[in-house]
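Bear in mind that the values here come from a model prediction, so they are computed numbers and not experimental data.
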Amino acid sequence: MTIIMILLIVSLGAFTRTVFGFGEVLVTMPLLALVAIDLKVATALIGALGLIVAIPAVIRHRQQIDIAVVRRLVVGSLLGVPVGIALMTYVPTTIVLRTLAGFLILYGSYNRYQLHRHHVQQQHLQSHHWDYLAGILSGVMGSAYNSHGVPVVIYGTLKKWPVASLSSIL
């Protein structure tokens with residue numbers, strides 16, 4: 001029965017990624033935690049499956065990919081990955097799960113806030129140095145919680161990236 005639940009959860013996550021361009025981790029990680037899957041196993045599973053699901057989006061939107069931005073995000077991410085691995089190694093799972101829940105609540109609150117101020121001029125971050133910070137946060141979140149997309153989506157929204165560009169980067 002557990003295997004069927006895992007397959008349904010993973011399928012729901014893949015469907016979410018296909019429809020919205022990101023978000024499979026936001027759906028799958030909390031649900032896998034509910035069915036008592038070890039967080040480290042769930043992170044590895046969703047990381048591998050997320051890569052497979054992302055390939056068609058990258059191929060479809062390859063013309064919209066800004067290689068310079070991706071390069072800066074990757075450099076930042078490489079700096080953040082060791083921090084995320086240290087979190088997973090030395091911090092108890094309950095704290096990791098609560099932190100993940102906090103990030104999900106913050107992300108939901110951010111989206112709700114953006115919906116209510118759609119008529120107001122959004123902040124536009126000019127400096128490319130912000131790419132590195134978003135990459136670092138993405139590296140920490142990606143290696144610890146497999147939620148690398150949350151910082152990039154928030155950052156891409158602030159930078160006013162087109163949806164196709166954002167989907168191809170994630």
[atom2] on [Y] to [atom1] on [X], rounded to 0.5 Å:
| X | Y | atom1 | atom2 | result |
| --- | --- | --- | --- | --- |
| L12 | L7 | CG | CG | 12.5 Å |
| L32 | T2 | CG | OG1 | 11.0 Å |
| R17 | I52 | CZ | CD1 | 12.0 Å |

Single-linkage hydrophobic cluster [X]~[Y], side-chain heavy atoms < 4.5 angstrom:
| X | Y | result |
| --- | --- | --- |
| V19 | I59 | no |
| V41 | L49 | yes |
| L73 | L79 | no |
| V140 | I105 | no |
| V81 | V74 | no |

### Task
Taking the side chain as every heavy atom from C-beta outward, state whether W161 and D66 have any pair of such atoms under 4.5 Å apart.
no
### Query
Given side chains that start at C-beta, do those of I154 and L137 come closer than 4.5 Å, heavy atoms only?
no
Ignoring hydrogens, what is the shortest heavy-atom contact between [X] and [Y]? Give both atom names and the distance.
| X | Y | value |
| --- | --- | --- |
| Y155 | S127 | OH-O, 4.1 Å |
| R72 | D131 | NE-OD2, 2.6 Å |
| I9 | T28 | O-CG2, 3.3 Å |
| S77 | S138 | OG-C, 4.4 Å |
| S143 | I85 | OG-N, 3.5 Å |
| H148 | P151 | O-CD, 3.3 Å |

### Query
Is the count of non-hydrogen atoms from other residues, nucleotides or ligands lying under 6.0 Å from I55 atom CD1 greater than 12?
yes
#### Entry: M88 atom CE, over 12 foreign heavy atoms within 6.0 Å
yes
### Task
Show your working on side-chain contact (heavy atoms from CB on, under 4.5 Å) between L45 and I6 and close with a plain yes or no.
CA-CA 10 Å; L45 173 68; I6 292 170; 4.1 Å; yes
